[in-house]
Amino acid sequence: MNHEDGDKGSTAPERSTPDPSATPDSVEPENAADEPASAADEVTSPDETQVEQPSVDDEVPTTQPSVDEAPTTQPSADEAPTTQPSADEAPTAQLDLGDLGERSEEQAPLWVEPPPNEDVTQVIPAIPPGPVPGPTQAYTTPPAEEPPAEEPTVVAPAAASPVPPQPEPQPAEEPAEKAPARASWVKVAAITGGVIAVIGIAYAADLAVSSGKVPRGVTVAGVDVGGSTRDEAEATLQAQVGPRVDQPLTVQAGDVSTELVPSAAGLGVDWETTLDRAHSQPLNPFTRLASFFTTDEIGVVSTRDEAALASAVDGLRSETDRASREGTVVFEGATPVPVDPSTGQNLNGEGAEAALIEKWAFGRTVDLPVDVVPVTVTQDGVQRALDDVAVPAASADLVVTGRDGKVATVPRQQIGAIVGFEPDGNGGLKPTYNIEAATGILAPQLVSTEIVPKDAKITLDGGSPTVVPAVVGDLVQWPKTLETLPEVLRGNGSHTTAAVYGPIPPALTTEAAQALGVKEVIGEFTTGGFSAASGTNIRLAASEINGALIKPGDTFSLNGYTGPRGTAQGYVESGIINNGRPDTAVGGGVSQVATTLYNAAYFAGMEDVAHTEHSYYISRYPEAREATVFEGAIDLQFRNTGKTGVMIQAIGGASDLTIRFWGTKSVDVESITGNRTKPTQPDTVTLPAGDHCIASSGAPGFTASDTRVISDHTTGQEISRDTRTVRYDPVPIVKCEEPGAPKPDERTPAASPAPSAPAESPTATPKPKPNDGE
């Protein structure tokens with residue numbers, strides 16, 4: 001039977017009748033020993049076996065046809081044969097050979113080898129019409145060493161009656177040679193099934209044992225808590241991770257390493273939420289298996305105080321941040337030194353906060369991100385500036401030649417004060433030259449070769465104003481002289497250039513002075529009655545303002561014109577008004593200059609810009625028409641609104657002071673003083689005796705007014721009328737008592753005590769109240 005053409009269990013059994021055309025000569029005995037008994041006839045159970053005799057006309061073949069000579073096709077059980085056997089052919093029984101070749105080795109063979117050279121006819125039982133109970137047996141294959149001619153001839157019995165319907169065919173089994181392979185696969189399947197079963201049991205056991213615990217392999221900030229209960233895990237973490245919140249943490253920002261304490265930065269651990277990150281036991285078997293060999297770091301969930309964290313990060317900047325340093329060249333004496341460029345860095349605040357929140361709990365160094373501040377100058381650019389500019393510039397002194405053989409020199413050791421460098425934007429350095437610094441070194445050395453310009457002056461030497469002509473200067477034009485400095489310093493030889501001189505006009509030319517119209521007195525006032533100490537200060541201040549010119553539209557300031565009035569300028573200590581009572585200070589008495597100057601400006605028709613009266617009335621001054629000053633606090637200012645200039649003449653005598661305003665008279669001024677009103681009585685003040693206690697008998701206070709009327713000098717027509725009202729405080733009664741029996745200040749008749757003034761150093765400058773002054 002050809003097993004390659006059939007489907008196991010679905011094809012009808014083949015007949016055992018040999019092909020009539022086959023002859024013994026067609027048998028190929030070479031394959032007899034190699035072929036298994038797969039084409040043997042099938043036998044039925046013994047109780048249903050019928051012996052089939054051959055017909056007279058049939059010739060029994062002496063040899064068994066080989067498997068290869070069996071008919072290649074047989075009709076199935078459900079199909080009628082397409083070819084009927086001839087009369088000469090005996091009908092053959094259908095045999096089920098499905099079990100042939102699969103018999104057990106323990107079963108005895110149904111075919112017995114005949115003696116040599118003896119023809120033997122093997123009788124096989126007929127196939128019953130119905131299902132055959134019990135196991136079926138097949139003939140065994142003759143030994144391979146026997147020749148094919150000695151194989152028994154199997155005679156199929158003739159059918160005595162019509163063949164009944166065939167039973168359902170049994171599934172064809174695999175040939176014998178495939179049985180070992182199938183057995184090996186069965187063995188492998190059994191082993192695999194066993195392994196899977198063991199794995200399943202282990203998986204179930206592992207899942208049951210780990211139920212309710214943190215998954216295996218879970219670590220928190222490097223601490224292994226896998227396999228622990230939630231409470232055990234939290235206790236472990238609080239014991240190992242918890243203390244890290246108060247331990248100094250090293251942070252690395254670029255190339256800077258420093259420390260901070262997490263708790264001081266507002267950081268902590270949310271234990272509940274941290275353990276929630278671990279999730280539940282994984283069901284995936286591969287995940288559970290991998291957990292034996294891997295870890296799952298879940299980190300911590302940090303609590304944080306945003307303000308404290310931001311403040312802590314900002315506090316790191318003093319150590320982590322640095323400005324970039326551009327490459328440059330500096331001079332150490334006469335030696336130029338290159339400075340290598342260096343990038344800067346700034347701590348990235350948001351990134352640093354995120355890194356600390358995520359990694360602080362590990363207790364290891366935390367890398368903080370920084371923003372690099374680049375530089376624009378390259379190392380090559382520095383070297384070019386050194387070789388091309390700095391070295392030649394410092395190779396020799398800078399020399400400027402002036403008139404009359406005079407020279408000015410900048411030594412090589414000072415060349416760094418003149419030559420500098422800055423980035424050129426293309427990776428290099430461009431030189432800079434400090435002309436002002438060079439002028440400061442060179443100019444004093446050539447001043448003797450210059451003619452200094454002088455302004456025109458107006459003098460009163462002859463009793464009337466006279467214009468002293470101006471002098472045009474002839475000075476070194478230093479910007480022009482040094483404009484060739486880059487070329488002068490570039491060579492390695494002599495660095496010499498000539499000074500360039502030029503005319504410099506005066507600030508006030510002769511023509512301008514003559515045009516000012518200073519020719520007559522337009523305002524004048526005199527005061528007197530001051531002490532010797534006050535007289536020293538008055539005369540000194542008067543000399544400083546004497547000859548001052550006020551051009552049309554200009555504003556004059558007494559404090560601005562005199563400048564400081566201290567001991568360094570020659571002023572001495574004298575009487576002032578301090579905190580509403582008499583006192584002393586350096587510069588005292590200058591208020592008399594202010595009052596005299598104010599009145600001269602008043603009658604010259606100057607515009608009042610700023611002035612302040614004394615806090616209480618001084619009898620030598622006109623009521624509501626006087627002024628005080630105090631350095632840095634109270635000033636006297638007025639503006640020249642006329643069309644011509646004004647010159648101040650100040651004459652200080654032994655006991656009086658006169659100030660005149662010279663110009664061109666254009667207005668007349670009248671002063672109208674009002675009556676005193678609203679008188680007030682003085683208080684009594686008792687102070688410790690000493691230098692700063694000036695006894696006073698006191699004087700009542702009152703209110704006064706002054707009206708200034710300005711008229712045109714030519715027409716007499718009134719131009720303006722202004723009234724100023726002033727309230728004077730009473731002059732306190734001051735009593736000085738010995739320090740042995742100090743008493744608090746007493747004031748009468750007022751009930752409230754007045755503030756007492758402690759003794760002050762004679763050189764101290766007191767701070768005045770409004771209306772106080774020198």
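Keep in mind that what you see is a predicted model, and the values were worked out from it rather than measured. No hydrogens, no waters, no symmetry mates; every other heavy atom, side chains included, goes into these values. Position 1 is the first residue of the sequence; numbering continues from there.
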> List for me each residue that meets side-chain contact (heavy atoms from CB on, under 4.5 Å) alongside Val447, sequence neighbours excluded, and say none if there are none.
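If we apply the side-chain contact (heavy atoms from CB on, under 4.5 Å) test to Val447, skipping adjacent residues, the hits are Glu450.
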> Taking Tyr728 for the side chain and Ala624 for the main chain, is one N or O donor matched with an acceptor at less than 3.5 Å?
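Yes: the side chain of Tyr728 pairs with the backbone of Ala624.
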> Locate the shortest heavy-atom distance separating Thr449 from Arg403; write the atom from each residue and the value.
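Closest heavy-atom pair between Thr449 and Arg403: CG2-O, 3.5 Å.
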> I need the full list of side chain to side chain donor-acceptor pair (under 3.5 Å) pairs touching residues 529-547, with sequence neighbours left out, sorted by first then second residue.
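As it turns out, the side chain to side chain donor-acceptor pair (under 3.5 Å) pairs with a partner in residues 529-547, which skip direct neighbours, are Ser531-Ser534, Ser534-Ser574, Glu544-Tyr571.
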> Taking the side chain as C-beta and beyond, is there a heavy-atom pair between Val256 and Arg322 under 4.5 Å?
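Heavy-atom side-chain distance check passes, below 4.5 Å.
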> With no hydrogens and no angle check, is any side-chain donor or acceptor of Arg721 less than 3.5 Å from a backbone partner on Thr707?
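No, the answer is negative, given that no donor and acceptor are paired below the 3.5 Å cut-off.
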> Look at atom CD of Glu436 and say whether more than 12 heavy atoms of other residues, nucleotides or ligands are closer to it than 6.0 Å.
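Incorrect, the count does not exceed 12.
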> Are any of the side-chain nitrogens in Asp554 or Lys551 under 4.0 Å away from the carboxylate oxygens of its partner?
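The answer is no: the pair does not qualify as a salt bridge.
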> Under a 3.5 Å cutoff, is there a donor and acceptor pairing between the side chains of Thr376 and Glu326?
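Result is yes, a qualifying pair exists.
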> Assess the pair Phe525 and Tyr621: is the distance between their ring centroids shorter than 6.0 Å?
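No, the ring centres sit 6.0 Å or more apart.
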> Tell me the closest heavy-atom pair linking Gly570 and Leu540, and the distance in Å.
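Between these two residues, the closest heavy atoms are C-CD2, 3.7 Å.
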> My understanding is that only residues two or more places apart in sequence, or in another chain, count here; which of them pass side-chain contact (heavy atoms from CB on, under 4.5 Å) with Ser448?
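Ser448 satisfies side-chain contact (heavy atoms from CB on, under 4.5 Å) with Lys406 only.
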> Going by side-chain contact (heavy atoms from CB on, under 4.5 Å), name the residues that satisfy it together with Thr555, two or more places apart in sequence or in a different chain.
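Partners of Thr555 under the side-chain contact (heavy atoms from CB on, under 4.5 Å) test: Val609, Gln637, Arg639.
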> So, do Val709 and Ile672 sit near enough that their side-chain heavy atoms are less than 4.5 Å apart?
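Val709 vs Ile672: side chains touch.
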> Compute whether any side-chain donor of one residue and acceptor of the other, for Arg565 and Asn559, lie under 3.5 angstrom apart.
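Judged by distance alone, the side chains do pair up.
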> Does a side-chain heavy-atom distance below 4.5 Å link Ile522 with Val646?
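Side chain of Ile522 against side chain of Val646, heavy atoms only: contact under 4.5 Å found.
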> Centroid-to-centroid, Phe556 to Phe638, below 6.0 Å?
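They qualify: ring centres under 6.0 Å apart.
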> Tell me the closest heavy-atom pair linking Val518 and Leu549, and the distance in Å.
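The pair with the smallest heavy-atom distance is CG2-CD2, 4.3 Å.
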> Would you call Thr526 and Leu657 a side-chain contact if the rule is heavy atoms closer than 4.5 Å?
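They are not in side-chain contact.
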> Is there side-chain contact between Asp729 and Tyr617, with heavy atoms separated by less than 4.5 Å?
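Sidechains of Tyr617 and Asp729: no contact.
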> Start with the C-alpha gap between Asp706 and Ser671, add the side-chain angles, then the distance that decides, and say whether side chain to side chain donor-acceptor pair (under 3.5 Å) holds.
CA-CA 7 Å; Asp706 175 78; Ser671 173; 2.6 Å; yes
> Scan the side chains in residues 327-345 for donor-acceptor partners under 3.5 Å anywhere in the protein, sequence neighbours excluded, and list what turns up.
unit_1, atom_1, unit_2, atom_2, d
Asp340, OD1, Gln379, NE2, 2.8
Gln345, NE2, Ala253, O, 3.0
Gln345, NE2, Thr320, O, 2.7

> Is there a donor in the side chain of Thr527 and an acceptor in the side chain of Thr596, or the other way round, less than 3.5 Å apart?
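The answer is yes; a qualifying pair exists.
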> Is the backbone N or O of Ala470 less than 3.5 Å from a side-chain atom of Thr510, with the two atoms forming a donor-acceptor pair by type?
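Confirmed, Thr510 side chain pairs with Ala470 backbone.
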> If you measure from the Lys or Arg side-chain nitrogens to the Asp or Glu carboxylate oxygens, is any gap between Asp656 and Arg620 under 4.0 Å?
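Answer for the salt bridge query: no.
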> Please step through side chain to side chain donor-acceptor pair (under 3.5 Å) for the pair Glu573 and Thr584, ending with a clear verdict.
CA-CA 6 Å; Glu573 185 174 334; Thr584 60; 2.8 Å; yes
> In chain order, what residues pass the side-chain contact (heavy atoms from CB on, under 4.5 Å) check against Arg384, with sequence neighbours excluded?
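Expected list: Asp380, Asp388.
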> Any side-chain heavy atom of Asp712 within less than 4.5 Å of one from Val667?
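Side chain of Asp712 against side chain of Val667, heavy atoms only: no contact under 4.5 Å found.
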> Would you mind checking if Arg708 and Glu670 are paired as a salt bridge, meaning a charged N to carboxylate O distance below 4.0 Å?
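So Glu670 does not pair with Arg708 through a salt bridge.
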> So which atom in Thr641 and which in Gly605 form the shortest heavy-atom distance, rounded to 0.1 Å?
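That would be OG1-O, 4.1 Å.
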> Do Ser720 and Asp722 have side chains that approach each other closer than 4.5 Å (heavy atoms only, starting at C-beta)?
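Side chain of Ser720 against side chain of Asp722, heavy atoms only: contact under 4.5 Å found.
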> Counting distance only, does the side-chain N/O of Thr378 pair as donor-acceptor with the main-chain N or O of Gly427 below 3.5 Å?
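Between the backbone of Gly427 and the side chain of Thr378 there is a qualifying donor-acceptor contact (under 3.5 Å).
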> Just so I know, are the side chains of Leu597 and Tyr602 near enough to count as touching, which here means a heavy-atom distance under 4.5 Å?
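The answer is no, as the side chains (C-beta and beyond) never meet within the 4.5 Å cut-off.
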> Side chain to side chain contact (heavy atoms under 4.5 Å, CB included) between Ile550 and Ile648: does it pass, once the steps are laid out?
CA-CA 8 Å; Ile550 309 171; Ile648 299 175; 3.9 Å; yes
> Does a salt bridge link Glu613 with Arg625, judged by any charged N lying under 4.0 Å from a carboxylate O?
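Answer for the salt bridge query: no.
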> Check whether the side chains of Glu520 and Trp662 place a donor and an acceptor atom closer than 3.5 Å, and report yes or no.
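No donor-acceptor contact under 3.5 Å links the two side chains.
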> Of the non-hydrogen atoms in Val488 and Thr496, which two are nearest, and what is the gap between them?
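Between these two residues, the closest heavy atoms are CG1-N, 3.9 Å.
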